Student: 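Below you'll find the structure I mean.
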Amino acid sequence: MTLCIIWQEQGTIKFASDSRLSFGEVLVGDFGIKICRVPFNIYDATESNGKKTLITSGDLGFAFAGSALGSLIIKEAISELIAELQGIAGHHQTDMYGISQFIFKAYEAISKDVCAALAKNGLTCIVFSGYCQKAEKLRTFRMETNISNQSSINEILLENTFEVIGSGAEPAKKLLPSAKISQADAINALKNIIEDKSIADVGGHIQYGSFINNRFQPAGVASVDDDDLINYWRGPFDLNAAYFNNDDGLIPNFPLLDLIK
């Protein structure tokens with residue numbers, strides 16, 4: 001299931017993916033949210049009066065490939081845990097390395113159970129990025145579980161400037177330059193794979209996200225359909241659709257990647 005491209009460009013890190021989910025061998029649906037923002041907070045040890053002092057906080061950008069059910073379960077579990085972490089200032093590692101190791105322990109624990117229950121249909125690959133205050137740069141990590149139910153984590157984008165994950169990775173790599181890629185390269189490769197009907201497990205609308213001032217910002221994608229109507233896609237949702245134009249006056253206020261030009 002899926003195709004996600006993560007790359008470095010102009011001092012930041014960007015994510016793009018399709019929206020297709022697969023359930024087992026047959027069922028597919030183009031309604032997945034595969035790129036998302038997950039906030040984290042790290043607090044110092046709680047004082048005797050119950051007060052919690054914030055050590056650091058920030059955003060992580062996540063991209064998911066593999067089992068739809070496994071990815072959803074793991075995302076929800078990790079999001080819940082890292083919303084409120086605790087450490088001791090000056091003693092515990094509260095940089096991106098420390099955060100990545102905590103996330104991997106949570107991932108490894110739940111992934112073993114998911115894969116034990118779903119076998120190969122539970123296999124997942126997750127990439128996440130965040131700003132590291134110690135290194136003063138964005139750092140990116142890749143976690144995955146193999147068919148033997150063994151999990152691993154590695155820091156990526158250290159030598160290569162981009163990473164491609166998911167079942168559509170190999171055909172996408174053939175469309176990408178071998179070294180450095182641009183946003184146009186990534187989006188065009190993704191678009192071509194989505195439109196290739198011979199690659200059945202990649203499809204739906206393009207998703208996008210990037211770090212802006214070290215905060216991760218998912219974005220909708222503005223495009224024109226076959227009837228010359230403008231759509232603002234965020235995964236399965238058209239943010240410009242009539243169902244969001246309702247009487248209560250609330251409408252989505254979401255940044256957009258403009259693919260109309």
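Quick caveat: nothing in here was measured; it's all calculated off a predicted structure.
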Student: Measure the acute angle between the ring planes of F141 and F128, then classify it against the limits of 30° and 60° as parallel, tilted or perpendicular.
Tutor: parallel
Student: Under 4.5 Å side-chain heavy-atom separation, chaining through any Ile, Leu, Val, Met, Phe, Trp or Tyr, what else clusters with L54? Say none if it is isolated.
Tutor: Y43
Student: Output, in order, the C-alpha distance, side-chain angles, deciding distance and verdict of side chain to side chain contact (heavy atoms under 4.5 Å, CB included) for S152 and E144.
Tutor: CA-CA 6 Å; S152 61; E144 55 195 320; 3.9 Å; yes
Student: Is the number of heavy atoms from other residues, nucleotides or ligands under 6.0 Å of K173 NZ greater than 12?
Tutor: yes
Student: Take atom CG of N213 as the centre, draw a 6.0 Å sphere, and report whether it contains more than 12 heavy atoms from other residues, nucleotides or ligands.
Tutor: no
Student: Are there more than 12 heavy atoms of other residues, nucleotides or ligands under 6.0 Å from atom CZ of F104?
Tutor: yes
Student: Working to the nearest 0.5 Å, report the span between CZ of R139 and CD1 of I156.
Tutor: 12.5 Å
Student: Evaluate the criterion side chain to side chain contact (heavy atoms under 4.5 Å, CB included) for residue pair S111 and T145; output intermediate values, then yes/no.
Tutor: CA-CA 7 Å; S111 181; T145 303; 2.7 Å; yes
Student: Salt bridge or not between E195 and K191? Use side-chain N to carboxylate O under 4.0 Å.
Tutor: yes
Student: Among I6, I126, V127, which one satisfies side chain to side chain contact (heavy atoms under 4.5 Å, CB included) with R142?
Tutor: V127
Student: Is K34 paired with D18 through a side-chain N to carboxylate O contact shorter than 4.0 Å?
Tutor: yes
Student: Which pair of heavy atoms, one from K134 and one from D95, lies closest together, and at what distance?
Tutor: CD-OD2, 3.3 Å
Student: Which pairs pass ring-ring contact (aromatic ring centres under 6.0 Å, His included) with one or both residues in residues 159-186, sequence neighbours excluded?
Tutor: none
Student: For L190, run the side chain to side chain contact (heavy atoms under 4.5 Å, CB included) check against D185, L3, L176, V164 and tell me which one passes.
Tutor: L3
Student: So, do F64 and F62 have ring centers that fall under 6.0 Å from each other?
Tutor: yes
Student: NZ of K14 to CG of L257: how many Å apart, nearest 0.5 Å?
Tutor: 8.5 Å
Student: Going through the distances and angles, do L60 and I103 end up as a side chain to side chain contact (heavy atoms under 4.5 Å, CB included)?
Tutor: CA-CA 11 Å; L60 300 178; I103 289 174; 3.5 Å; yes
Student: Find out if a path of hydrophobic residues (ILVMFWY) with successive side-chain heavy-atom gaps under 4.5 Å connects I212 to Y131.
Tutor: no
Student: Could you check whether K52 pairs with E84 (Lys NZ or Arg NE/NH1/NH2 to Asp/Glu carboxylate O, under 4.0 Å)?
Tutor: yes
Student: Please test L21 against T2 for side chain to side chain contact (heavy atoms under 4.5 Å, CB included), starting from the C-alpha separation and ending with a verdict.
Tutor: CA-CA 7 Å; L21 297 179; T2 215; over 6 Å; no
Student: Does any N or O in the side chain of N231 come within less than 3.5 Å of the main-chain N or O of W233, such that one atom is a donor and the other an acceptor?
Tutor: no
Student: Indicate yes or no for a side-chain donor-acceptor contact from D238 to the backbone of N240 under 3.5 Å, with no hydrogens or angles considered.
Tutor: yes
Student: Might you confirm whether atom NZ of K112 has over 12 heavy atoms from other residues, nucleotides or ligands at distances under 6.0 Å?
Tutor: yes
Student: What class does the angle between the rings of W7 and Y208 fall in, given that below 30° is parallel, 30 to 60° is tilted and above 60° is perpendicular?
Tutor: tilted
Student: Can you tell me if CD on E155 sees more than 12 non-hydrogen neighbours from other groups inside 6.0 Å?
Tutor: yes
